[in-house]
Amino acid sequence: MTVNGDVTLSNGSTLEVEVDADGNADLLDASGAVTIQSGASLSIKPEDGTARGTRHGYETEYTIVSADGGITGTFDTVTDPFAFLDPSLRYGATDLILVLTRNNTDFSSLAHTRNQRVAAEGLETIDPSSPVYAAVIVLETGEQARAAYDALSGEVHATAATLLMEDGGLLRDAALNRQRGPSLGAGPLDGGPAGRPDTGVWAQGYGAWGQRSGAGGVAGIDSKTGGILAGVDIPLGDGWWGGAMLGYGHTAFDVDDRASSGDADLFHVGVYGGKGWDGLSLRMGATYSRIALDTERAVRFTGFSETLTADRGADLGQTFVELGQRIPMGRGAIEPFGTVAMAVLRTGGFSEDGGDAALSSDGDVEVRGFSTLGVAGETSFDVGGLDVTVNGRLGWRHLYGSGAPTADLHLSGGDDFAVEGVDFARDSLVANLGLTVALGAQSEMSVSYSGNHASGSHDHGGSLRLVGRF
């Protein structure tokens, strides 16, 4: 504002000055004198929610008053909305300089959750000239700061690890269910086709959907998975038998509270096998999945908005062993069983594309163990001349491994910070219900439902399997 003459800021008046991220500010430019009377105030605001500030010990200067005829008097009060900046005024003979200085309030001091804190600590280490730093430095409230930390944290990258390892259970179930199935012998729970010379081929389509609630400030996730598996069983002699399978799956997921989503293509291979001894069954196997993972997240908070994407590879390896003891009961049987499994997920490094808030990672490794104790049961009957078998399983699954999965991430030029994803269900109830219909002497069809239920976590799945022998 240019004034041709004198300006008087009287008692009770307020001069409002907006500052921006480029070092510019509103300027009162008078050709005469500027007089600031007692009781006048100065109000400082960011223009469009942005300003420029720096770390401890550094300053940004703005000229806000210029008077050719000189400046007399001082403002009684100076107000500003900034959480991380302190204003000061330097009065000269003809110019008034506003100085914004990074104060001693650490970014992390306003965090409420672990992920907010580590993201804030990582943010503190980047170049203060970064647009990301500049956008946070002028935030006005703790609530705005915490929203920024959540948006910047990249939590989806850690949560994806939880989902991929949990979905690995679909492969284990497929291999074990194949070994338990009625096509492998005269009894579904007798440990395999001991004495049966046939080679069996099978194909299975599967689908699952799940929901995991967040806790401790970590957002929840919704997911859906589908795919197909195919395999072959081969007698190995002396009561031993083996099998191999391969397949493809696709998983999509959303972390709504972090404006994040992703999808993964999974390519599976696996081997399995075992033996039965008078009702005691040994079943085991190993699988490997190559994963192509894509993520997208919107980083939006006061004065800042970007959409970031990333793609990376991952590898999931699993081994598992199960023992069960079949107890005949009429036309059916029950089987107490115990299963142990180990899963190792290795995610590759990546750098996000799309803006200044992009995160990078050198990759992470997660190792978890699982055990399941339970009981299975089955019974067979005739329906219209068809041989029908109904089977079910109920068990308690426990997870071994410390803490929720983490992702080591960093902003450009900053230090690493480890953000946590949604945690695994430590203890859960697992259930399976299946129906198998013999279509002839050499083929059959099975449908099944599976569920995994825990506090804040629910997964449901279904499959359709066709089997042929020759």
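Along the sequence shown, residues are numbered consecutively beginning with 1.
- For the pair Thr372/Trp396, no side-chain contact is recorded, criterion being any heavy-atom separation below 4.5 Å from C-beta on.
- The CG atom of Asn104 sits 8.0 Å away from atom CG of Asp86, with the distance rounded to the nearest 0.5 Å.
- Looking only at atom types and distance, the side chain of Glu143 has no donor-acceptor partner in the side chain of His112 under 3.5 Å away.
- Contact of the Phe417 side chain with the Leu409 side chain is registered, since non-hydrogen atoms from C-beta on lie closer than 4.5 Å.
- The heavy-atom pair separating Ser361 from Asp364 by the smallest distance is OG-OD2, 3.6 Å.
- In this structure a side-chain-to-backbone donor-acceptor pair under 3.5 Å is present from Gln318 to Gly168.
- Closest approach of Ser223 to Arg212, counting heavy atoms only: OG-NH1, 3.9 Å.
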Set out, in order, the CA-CA distance, both residues' side-chain angles and the distance that settles side-chain contact (heavy atoms from CB on, under 4.5 Å) for Phe424 and Met165, then state yes or no.
CA-CA 9 Å; Phe424 295 97; Met165 295 189 81; 3.8 Å; yes
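- Side-chain contact check for Ser261 versus Val156: every heavy-atom pair is 4.5 Å or farther apart.
- Using a 4.5 Å heavy-atom threshold, the side chains of Val136 and Phe304 count as separate.
- A side-chain donor-acceptor contact under 3.5 Å links Ser446 and Thr436.
- The closest donor-acceptor contact from the side chain of Arg178 to the backbone of Gly243 lies at 3.5 Å or more, if one exists at all.
- Salt-bridge check for Asp315 with Arg290: passed, with a basic side-chain N closer than 4.0 Å to an acidic carboxylate O.
- Glu322 contributes atom CD, which lies 8.5 Å from atom OG of Ser281 (distance to the nearest 0.5 angstrom).
- No donor-acceptor pair closer than 3.5 Å links the side chain of Ser428 to the backbone N or O of Ala425.
- Note that the OH atom of Tyr288 and the CZ atom of Phe267 stand 11.0 Å from one another [nearest 0.5 Å].
- For the residue pair Ser129 and Asp127, a side-chain donor N or O sits within less than 3.5 Å of a side-chain acceptor on the partner.
- Side-chain rings of Phe84 and Phe107 approach one another, their centers coming within less than 6.0 Å.
- Side-chain atoms of Ser351 do not come within 3.5 Å of backbone N or O of Ser360 as any donor-acceptor pair.
- Of the possible polar contacts, one joining the Arg102 side chain to the Thr105 backbone as a donor-acceptor pair under 3.5 Å is found.
- Taking each heavy atom of Leu293 and Ala160 in turn, the nearest pair found is CD2-CB, 4.1 Å.
- Of all the heavy atoms in Ala158 and Glu420, the pair that sits closest is CB-C, 3.6 Å.
- The line from CG of Asp106 to CD of Glu121 is 8.5 Å long, rounded to the nearest 0.5 Å.
- When only modelled atom types and interatomic distance are considered, Ser380 and Glu378 share no side-chain donor-acceptor pair under 3.5 Å.
- A salt bridge is absent between Arg346 and Glu366: the closest approach of a Lys/Arg side-chain nitrogen to an acidic carboxylate oxygen does not fall below 4.0 angstrom.
- A distance-only check finds a donor-acceptor pair linking the side chain of Glu306 to the backbone of Asp356 [under 3.5 Å].
- Between Val365 and Leu345 the shortest side-chain heavy-atom distance does not fall below 4.5 Å.
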Result block: side-chain N/O donor-acceptor pairs under 3.5 angstrom for residues 246-259, not counting sequence neighbours:
unit_1, atom_1, unit_2, atom_2, d
Tyr248, OH, Asp265, OD1, 2.5
His250, ND1, Ala264, O, 3.3
His250, ND1, Asp265, OD1, 2.9
Thr251, OG1, Asp167, OD2, 3.3
Thr251, OG1, Thr225, OG1, 3.0
Arg258, NE, Glu155, OE1, 3.3
Arg258, NH2, Gly217, O, 2.8

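- The main-chain N or O of Trp240 is never found under 3.5 Å from a side-chain atom of Asp238 such that the two would form a donor-acceptor pair.
- Ser289 and His268 form a side-chain donor-acceptor contact under 3.5 Å, judged by distance and modelled atom types alone.
- Counting heavy atoms of neighbouring residues, nucleotides and ligands inside a 6.0 Å radius, atom CZ of Arg114 exceeds 12 of them.
- One N or O on the side chain of Ser130 and one on the backbone of Val132 form a donor-acceptor pair closer than 3.5 Å.
- The side-chain heavy atoms of Asn432 and Asn177, taken from C-beta on, include a pair separated by under 4.5 Å.
- In this structure, the side chain of Glu166 does not engage the main chain of Leu163 through any donor-acceptor pair within 3.5 Å.
- Side-chain contact between Leu282 and Trp277 is present, with at least one heavy-atom pair separated by less than 4.5 Å.
- Using the six-membered ring where Trp is involved, Trp202 and Tyr272 have ring planes that are tilted, between 30° and 60° apart.
- Residue pairs meeting the side chain to side chain donor-acceptor pair (under 3.5 Å) criterion with at least one member in residues 406-415, sequence neighbours excluded, are His410-Asp416.
- Between the CG atom in Asp353 and the CG atom in Leu308 there is a gap of 8.5 Å [rounded to 0.5 Å].
- Put simply, the side chain of Gln144 does not reach to within 4.5 Å of the side chain of Phe301, judged on heavy atoms.
- At a threshold of 4.0 Å, the pair Glu335-Arg283 counts as salt-bridged, since one of the basic side-chain nitrogens sits closer than that to a carboxylate oxygen.
- Judged by distance alone, with hydrogens and angles left aside, the side-chain atoms of Glu352 form a donor-acceptor pair with the main-chain N or O of Leu359 at under 3.5 Å.
- Residues Leu164 and Leu266 approach most closely at CD2-CD2, 4.3 Å, considering heavy atoms.
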